[in-house]
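Here is the naming used below: chain letters follow the sequence lines, and residue numbers restart at 1 for every chain.
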Number of protein chains: 4
Amino acid sequence: MTVDTAISSPRWTRRKDARPAEILDAALELFVQQGFAKTRIEDIAQRAGVTGGAIYRYFPNKDALLEGLIRDSLLADLDAMSAKLRQREGKVSDMIADALWGWWQTFGGGKLSGLCKLMVAEGDNFPALREFYFEQAIEERCGRLIDFLLRKGIAQGEFYVIDVDYTVKIIRSSMLMTQIWKNSFAHSEREALDMRRYFNAYAELLLAGLKQKEPQS
Amino acid sequence: MTVDTAISSPRWTRRKDARPAEILDAALELFVQQGFAKTRIEDIAQRAGVTGGAIYRYFPNKDALLEGLIRDSLLADLDAMSAKLRQREGKVSDMIADALWGWWQTFGGGKLSGLCKLMVAEGDNFPALREFYFEQAIEERCGRLIDFLLRKGIAQGEFYVIDVDYTVKIIRSSMLMTQIWKNSFAHSEREALDMRRYFNAYAELLLAGLKQKEPQS
Amino acid sequence: MTVDTAISSPRWTRRKDARPAEILDAALELFVQQGFAKTRIEDIAQRAGVTGGAIYRYFPNKDALLEGLIRDSLLADLDAMSAKLRQREGKVSDMIADALWGWWQTFGGGKLSGLCKLMVAEGDNFPALREFYFEQAIEERCGRLIDFLLRKGIAQGEFYVIDVDYTVKIIRSSMLMTQIWKNSFAHSEREALDMRRYFNAYAELLLAGLKQKEPQS
Amino acid sequence: MTVDTAISSPRWTRRKDARPAEILDAALELFVQQGFAKTRIEDIAQRAGVTGGAIYRYFPNKDALLEGLIRDSLLADLDAMSAKLRQREGKVSDMIADALWGWWQTFGGGKLSGLCKLMVAEGDNFPALREFYFEQAIEERCGRLIDFLLRKGIAQGEFYVIDVDYTVKIIRSSMLMTQIWKNSFAHSEREALDMRRYFNAYAELLLAGLKQKEPQS
DNA sequence: TATGAATGAGTTTTCATTCAT
DNA sequence: GATGAATGAAAACTCATTCAT
């Protein structure tokens, strides 16, 4: 109003640019925990340090939050690893255990792992998003990584796999399930898993399976 | 039946005994598809062939529908198989493929498979139910079946497993994931799986892994 | 259906004529306690030993229960006393204490006393009934009794009252209030009154007031 | 104010501070008139100039409206008078008529008089509130005022009362009944009372009763 | 820009009343 | 006659969204 206000610092200068990310962060946690429908805009706002109305300055509606989560947050975190792995040399058998555990540490076990549970839960209500998530997260990343390693191992004579395509799907499933478990049943303390041990046992089992010489009856 | 009854059909018919099951059936389908919160009582009622109010004669509130689904519907369908499998004789290697595919056909791929997705999605909102589901469905059935076969195979000298407990968890996870997949991503036609082929490939991989002679580094 | 049923006693012969009264009895208690709107037909039925639907054989709807209570139950109980009192001879001063206590014992303190509270509570929603109750119960009975005694006492030179009409209203009010109190605040144990003592003290105070020789300033 | 604002009136205006009182005002009127159960939130809202949902910003549920009425509104209006009366000097006989009429004018006949009827009607459904009302409104105020005047009159030799405690209850009852009457039967135009005349006659009768020289048999 | 009061379109739940049995 | 399953019309409460401040 008065000229004075031009001098004193405005009330809400607080990192204007960080807001959308903060809001999505809050939304992610709550959506994953309670589900999309049960989560209230007001709760997201509070966790993000703003009030309900403010959210609408950055997102046109509630659906857009979920969309933002999938389309924007997801892809940003998704590229580093797969690139990294393709460059490696050496025995694929040795790479696989590392690759799986590395995947868990950089991505699978992180915050965005919740998106997998979220898409399982809400996918039917947002088919376009599910499609997108499936393509980008499941096929393009998980799947392609496995596919790459598997075929390399076969080419190098290390692995003997009959149905390569479906074996990829099987391994991919295991990876997804660790994300889902972490965000659902693992919340019951009785069932938290020792993930290091889990991945050790998994690599053990998987590698032995891949190295088989004679097909099973 | 008689000509008289054809004059005007009654506004409703009395179906006391069948109603609860019909209602739970409808609820199951909708809860699994849309999630608990998004599903309207009125929609469940309509699919069950009644009006909203009628549901409250059989269930005190919406939560009770979910509870009925988990506590009543689940257990009813859960006993036949595990008993059946324990009686078998012969090589465990031969049993495992049968057991997994049998599980999928009698239970894993049936309607109630949706409960797994449902508990993943809503577990945080109904911790007591999740606990119950985990104990009864995951541990007591899936887990124990695997545990039984695995230890039997080891005892008979067919399998060589280092970390038995976690290997059980790993295999159990795969089974759960087929249920989850069927009720989520598989809805996108691009990703429907050929389950026969999937289980074949899985048995292949798994058995080879279990039969390993030398532990991996 | 068959001829046999004509011999065996029918299922519901139970005093067909008593039903309406039993239902009204149940309704009275619940209406007075919980109010008209809060009381459910089903609860009335249960207390009367029937099921909800049966009530509609005797009363067309919920309102009719209240109407039956006021119009039928009330008047039946209302005539004996006032007639009784008018016949007495002797000093009115001696009669008044007896009359009040007698009123309390035969009517004021009985079950139907609840009607007074009920009409206070629901009168605005049933103006015709309130009018009826006011005329029949308050004016015609309470009021007329007091009026009769008061004027008789004045005529006999025992009482000196300036504003007879309003003095009647005042005394009448006291009587109504005992009924209301009994059905409301008296339910809190701390405030149950010793009604014998109450009426003693009241007669004391009232008679002294009526016998005054000199008007107050 | 300015010409600009006249163009189109806003859908609503912000009245944060006034709202709770406005809502309680509306609720009081409707609760007293129709009873708690019969009164719809929407009606209260409309009378308060808002929509139904807005009420829930200030009160968590319908019960809280009643509670707010009793616990907040009541006490605010209750202190002035009793303090005022205790300070007076002179003959108690002269004070009593004034006290009663003063009570009626400042409190007994005001809007909040409806609370008395309301607690009579709904007390059984809200026992804690009834208790509170009884203690604060009936005993602490009405009762104590009467008690004080009565004992003072006795001490000064003006009154001769045998059972002081119950005489207090009797007079207290009369006061309550005026409130109840005003909010129930008085609504029927035939029975509106001339309250000035009523209190005159009452003071007349009461004082004469209190001044009695010889106890009645 | 941010706030948070207010709206209004739902959704669950209740219950008087009807009616098939 | 009586039952109680079913209806359908409320009514309390919730919450995404808007908008005055």
Side-chain angles (χ1 to χ4, degrees), chain A residues 10-14 16 19 37-45 49-63 65, chain B residues 5 9-19 37-45 48-63 65, chain C residues 10-14 16 19 37-45 49-63 65, chain D residues 5 9-19 37-45 48-63 65:
Chain A
R11 263 201 287 173
W12 327 271
T13 311
R14 250 187 63 195
K16 172 172 124 191
R19 276 283 147 77
K38 182 110 190 287
T39 300
R40 290 165 36 205
I41 290 277
E42 183 58 42
D43 291 341
I44 296 172
V50 291
T51 55
I55 295 208
Y56 287 84
R57 186 156 301 280
Y58 302 101
F59 301 90
N61 52 41
K62 199 182 176 186
D63 285 18
L65 288 172
Chain B
T5 60
S9 66
R11 273 202 298 171
W12 47 266
T13 44
R14 197 188 195 98
R15 315 207 44 216
K16 188 191 175 182
D17 299 348
R19 281 280 141 80
K38 182 106 189 289
T39 301
R40 290 167 39 216
I41 290 277
E42 184 57 41
D43 290 342
I44 296 172
V50 291
T51 55
I55 295 207
Y56 289 85
R57 175 162 300 278
Y58 303 99
F59 302 91
N61 52 44
K62 199 182 176 187
D63 285 17
L65 288 171
Chain C
R11 262 201 289 174
W12 327 272
T13 311
R14 249 188 64 193
K16 172 172 125 191
R19 277 283 149 77
K38 183 110 190 286
T39 301
R40 289 164 37 204
I41 290 277
E42 184 59 39
D43 290 342
I44 296 172
V50 292
T51 54
I55 295 208
Y56 288 84
R57 185 156 301 280
Y58 302 102
F59 301 89
N61 53 41
K62 199 181 177 187
D63 285 16
L65 288 171
Chain D
T5 61
S9 67
R11 271 201 300 171
W12 47 268
T13 44
R14 197 191 197 97
R15 315 209 44 217
K16 186 190 176 185
D17 300 347
R19 281 280 142 76
K38 182 104 189 292
T39 301
R40 291 166 39 215
I41 290 277
E42 184 57 40
D43 290 341
I44 296 172
V50 292
T51 55
I55 296 208
Y56 289 86
R57 176 162 299 279
Y58 303 99
F59 301 91
N61 52 43
K62 202 182 174 187
D63 285 17
L65 288 172

For E:dT11, does OP1 or OP2 lie under 4.0 Å from any side-chain N or O of B:Y56?
no
F:dT3 OP1/OP2 closer than 4.0 Å to side-chain N/O of C:R57
no
Take the protein atom [atom1] of [X] and the nucleotide atom [atom2] of [N], then report the distance between them rounded to whole Å.
X: C:N61; N: E:dC15; atom1: CG; atom2: C1'; value: 14 Å
X: B:I55; N: E:dT13; atom1: CD1; atom2: P; value: 10 Å
X: A:Y58; N: F:dA16; atom1: OH; atom2: C1'; value: 19 Å
X: C:E42; N: E:dA16; atom1: CD; atom2: P; value: 9 Å
X: A:D43; N: F:dT14; atom1: CG; atom2: C1'; value: 12 Å
X: A:I44; N: F:dC15; atom1: CD1; atom2: P; value: 12 Å

C:A45: partners by side-chain contact (heavy atoms from CB on, under 4.5 Å), with sequence neighbours left out:
C:V50, C:I55
Can you sort out the partners of B:R57 under side-chain contact (heavy atoms from CB on, under 4.5 Å), two or more places apart, ordered by chain and number?
none
Please name the pair of heavy atoms, one in [X] and one in [Y], separated by the smallest distance, quoted to 0.1 Å.
X: A:Y56; Y: A:N61; result: CE2-CA, 4.0 Å
X: C:K62; Y: C:T39; result: NZ-O, 2.9 Å
X: C:A37; Y: D:K38; result: CB-N, 4.3 Å

Please name all residues satisfying salt bridge (charged side-chain N to carboxylate O under 4.0 Å, His left out) with D:D63, sequence neighbours left out, ordered by chain then number.
none
Run through DNA chain E and report every stem of 3 or more consecutive Watson-Crick or G-U pairs, distances under 3.5 Å, ordered by first number.
E:2-21 with F:2-21
Quick check on DNA chain F: between D:G52 and A:G52, whose nearest nucleotide comes earlier from the 5' end?
D:G52
Start at the 5' end of DNA chain E and walk down; is the nucleotide closest to A:T51 or to C:D63 reached first?
A:T51
Polar atoms only, N or O, under 3.5 Å: list the protein pairs with nucleotides 9-11 of chain F and their distances.
{"residue": "F:dA11", "atom": "OP2", "partner": "D:R40", "partner atom": "NE", "Å": "3.3"}

